[in-house]
Amino acid sequence: MLSMTNVSKVFRTDLIETHALRNFSLEVKAGEFLAVTGPSGSGKTTFLNIAGLLEPYESGSYKLDGVEVTDLSDDARSKLRNEKIGFIFQSFNLMPDLNVYDNIDVPLRYRRMKAAERDKRITNALEIVGLAARMKHIPAQLSGGQQQRVAIARAIAGDPKLIMADEPTGNLDSLMARQVMDLLEKINEMGTTIIMVTHDPELARRAHRNVQVVDGQITDFKPYEPRTGGEGMRGHGAAVANAGA
Amino acid sequence: MFSYYLRLALASFRRNPGLTALMIFAIALGIAVCMVTLTSYRAAAHNPAGERGAVLFAPSVDSWDPENSYDKDNKSLAPDLLTYRDAKALYASDIPDRKLITYRTGDIYTRPDKGMDPHYIPTRMTSRDFFGMFDVPFLYGGPWDGKADEGPEPVIVLSKEENKKAFGGENSVGKTLNWKGREFRIVGVLDAWEPMPKFFDVSNGAFHEMEGAYVPFAWGPILELGSHGNTNCWKTETINNFQDFLNSECIWFAAWVELRTSEKQRAYKAYMDNYVLDQKKHGRFPRPLNNYLYDVDGWLKRNKVVEDDNKAMLTLAFAFLAVCLVNTVGLLLAKFLNAAPIAGVRRALGASRRDIFWQHLTESGVVALAGGVVGGILGVLGIWALRAWYGRFVDEAARVLPFDGKNFLIVIAIAVTAGLLAGLYPAWRIGRAAPASYLKVQ
């Protein structure tokens, strides 16, 4: 699903250079639920931004669903991002002046879908997250947990192959966090690959596999093993990620 | 996507109504000021004679002071008015197809049946050809005939306004008015007519009010009617009576000739020169030969009807529009960058730079459209004020200072174009913003 090889990213100012990612290599299989952990400033979010085609990188190779993205134009990257990736953010990132329905509509609009198809997908996504009755509410009228469920509905409405979640429960209390995690697991069970950046070791343990990023490199990883059922911590299988050079 | 961008623009306006109103007002003000100034300029630069302006000519002969030129700023110019003797001599030529001499006077008029209060009526002394040469429209009757010019016969043509005052607007042809102790028979009543600028008498004010009555020129010397307009003299002369005044070097008459062919134009110019050369033999025209024959456009330019001030004002108006647009660019930039996190989210959800650019350019266009509509309305109000200032006859003012649907659409097109130009940079800038930098802070 995702294959990064020796990807490097440097942030430069007049005075300093910060190596956010150093020869970062990672492979994520289709259907996997990967947790990315690490201390603040380790490069987790940079990885997520690059993986989400939101940020360019200096060197290395990155293939998303078999497509080498390095030399793609902005239009092509945007199209790929729109069709293959769904984003979930810590602070939800809903459009404050659009209602729930219109928020979920945003990625579908950029896919130039017909109105009937969009409506079907939005309704379906709202049913999955249990907010069908709130489609006319604006974000400010919803609780934090509900807002994050709207963000999840927005992420899955386009039926992406990969969901990138950046601290998806970071702004939620434990009960709501558990509900969101349940939802993510449900989505993953439906076949969507999930990469989740988190500080929370409890949440990380619920993923199939954890990788730890320190100083822009993967320092620890556990192999991925396809899920065989059960609940709680997922099993681990053959190593598909390595820490690069 | 355009309808979607429109919806987003309206949502954005609801989010920032104050800032949006400020941008709309900035564009509207610039557009309105430009509209009013441009219309004013057009009115001043308008050639009311139209195509006929090319065959109508004002002769100008340099009868002025040998020591001082008539125009201190442009020493090559001859006077814009004629002496009585010169006006009569130029009028005597048979070369023109039509010809007239004219000046402005006036006095108290009464009705023999006491049917109106005695009042002053500004009066134009002229000849029959005046009405034909300048396409003057008649409501009732027509011009007096040629014999009335020579007699002269006591005939008079009233303006529509004056006919309304004196006879309640009814057909007054055949009725009489008393003027200077004589009874003048009304032969015609004009329809609304107020050429702007008043090209045939710019020396008395290109936007001066029109006369209420027209009387054969020959009555001037008989009734000893002095000028109620500009009279300029350069020579110290003994003037004991009206005849002395007529024979003086004072200038207060205008002449116009219609010359339909270039041959006639050349011949008439030669006639003018020969006349002046002949007069020099009699001790007049002490300055070098310096005569001109102006068509209407040339006459308006020679008299600076469109003053340098008007041109500077027009430049200033467009500069003001530019300042308004620069302010709009700043406001748009502030508004768009303030919403950059939302644009970042849109990028994350699949919007390309191009999508973000068009979304924000659409918003700029909608602001500009609203600015154009508001500016157009303000412009209409300004032009109404101009009409009230320039002309008493609304119909004529509306013709010279038009503001129809087509002009309104032009104003809106200018505003939208200007707004889109103003929005180009902010929209491009927001499209180039790195989305990742906003996602954490949104």
Side-chain angles (χ1 to χ4, degrees), chain A residues 9 11 20 44-56 72-99 102-113 115 118 138 151 154-155 157-158 160 164 166-167 170 197, chain B residues 1-21 23 334-363 366-367 427-442:
Chain A
K9 173 71 181 176
F11 291 106
K44 303 186 298 295
T45 299
T46 302
F47 153 70
L48 209 63
N49 287 337
I50 290 173
L53 309 178
L54 293 171
E55 208 156 322
L72 290 182
S73 67
D74 179 72
D75 278 350
R77 289 164 76 93
S78 300
K79 188 169 187 288
L80 198 61
R81 184 165 59 237
N82 179 266
E83 290 175 354
K84 306 281 186 188
I85 304 173
F87 280 96
I88 301 168
F89 305 98
Q90 179 177 352
S91 48
F92 324 134
N93 284 352
L94 299 177
M95 316 281 170
D97 45 3
L98 299 184
N99 64 27
D102 288 337
N103 262 286
I104 300 169
D105 191 30
V106 172
L108 308 181
R109 287 277 185 174
Y110 292 119
R111 206 180 290 188
R112 273 70 175 170
M113 272 183 188
R118 293 201 316 270
I138 59 167
R154 183 177 65 184
M164 306 269 192
D166 190 2
E167 303 277 8
V197 165
Chain B
M1 288 300 278
F2 180 67
S3 61
Y4 182 57
Y5 295 154
L6 278 180
R7 272 186 56 203
L8 294 179
L10 296 176
S12 170
F13 297 161
R14 282 194 294 271
R15 193 165 61 239
N16 290 304
L19 195 58
T20 305
M23 289 188 291
K335 188 169 191 280
F336 289 174
L337 289 180
N338 189 42
I342 292 176
V345 175
R346 288 186 175 280
R347 292 276 281 137
L349 299 177
S352 63
R353 283 178 182 148
R354 198 197 307 256
D355 289 324
I356 299 296
F357 173 81
W358 283 113
Q359 177 199 329
H360 288 86
L361 200 63
T362 303
E363 187 171 335
V366 175
V367 167
W428 176 83
R429 182 77 196 279
I430 190 71
R432 302 298 295 183
S437 58
Y438 296 109
L439 296 176
K440 273 284 186 186
V441 295
Q442 155 75 354

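Here is the naming used below: chain letters follow the sequence lines, and residue numbers restart at 1 for every chain. Keep in mind it's a predicted model, so treat the numbers as computed, not measured.
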Check step by step if side-chain contact (heavy atoms from CB on, under 4.5 Å) holds for A:Asn93 and B:Arg346.
-> CA-CA 10 Å; A:Asn93 284 352; B:Arg346 288 186 175 280; over 6 Å; no

Given side-chain contact (heavy atoms from CB on, under 4.5 Å), test A:Asp102 with B:Arg7 step by step and report yes or no.
-> CA-CA 11 Å; A:Asp102 288 337; B:Arg7 272 186 56 203; 2.9 Å; yes

Side-chain (A:Asn82) to main-chain (B:Ala351) donor-acceptor, under 3.5 angstrom |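 A pair under 3.5 Å: no.
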
Spell out, as yes or no, whether a donor-acceptor pair under 3.5 Å connects the side chain of A:Asp74 to the backbone of B:Arg353.
->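 Yes, A:Asp74 side chain to B:Arg353 backbone: donor-acceptor pair under 3.5 Å.
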
Considering only heavy atoms, which portion of A:Leu98 lies under 4.5 Å from any heavy atom of chain B: side chain, backbone, both, or neither?
->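 For A:Leu98, side-chain heavy atoms alone lie under 4.5 Å from chain B.
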
Structural part of A:Arg154 lying under 4.5 Å from a heavy atom of chain B =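 Side chain only.
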
So which bits of residues 104-113 of chain A come within less than 4.5 Å of chain B, counting non-hydrogen atoms only?
->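 Residues A:Val106, A:Pro107, A:Arg109, A:Tyr110, A:Arg112 are the ones that qualify, each having a heavy atom under 4.5 Å from chain B.
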
Locate the shortest heavy-atom distance separating A:Phe89 from B:Ala348; write the atom from each residue and the value.
->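 Heavy atoms of A:Phe89 and B:Ala348 come nearest at CZ-CB, 3.9 Å.
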
Side-chain heavy atoms of B:Arg347 within contact of A:Ser78, under 4.5 Å |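 Contact flag for B:Arg347/A:Ser78 side chains = yes.
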
Can you tell if the side chain of B:Arg14 reaches within under 4.5 Å of the side chain of A:Asp97, non-hydrogen atoms only?
->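 No, side chains not in contact.
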
Salt bridge or not for A:Asp75 and B:Arg354, using N-O below 4.0 Å?
->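 Salt bridge present between A:Asp75 and B:Arg354.
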
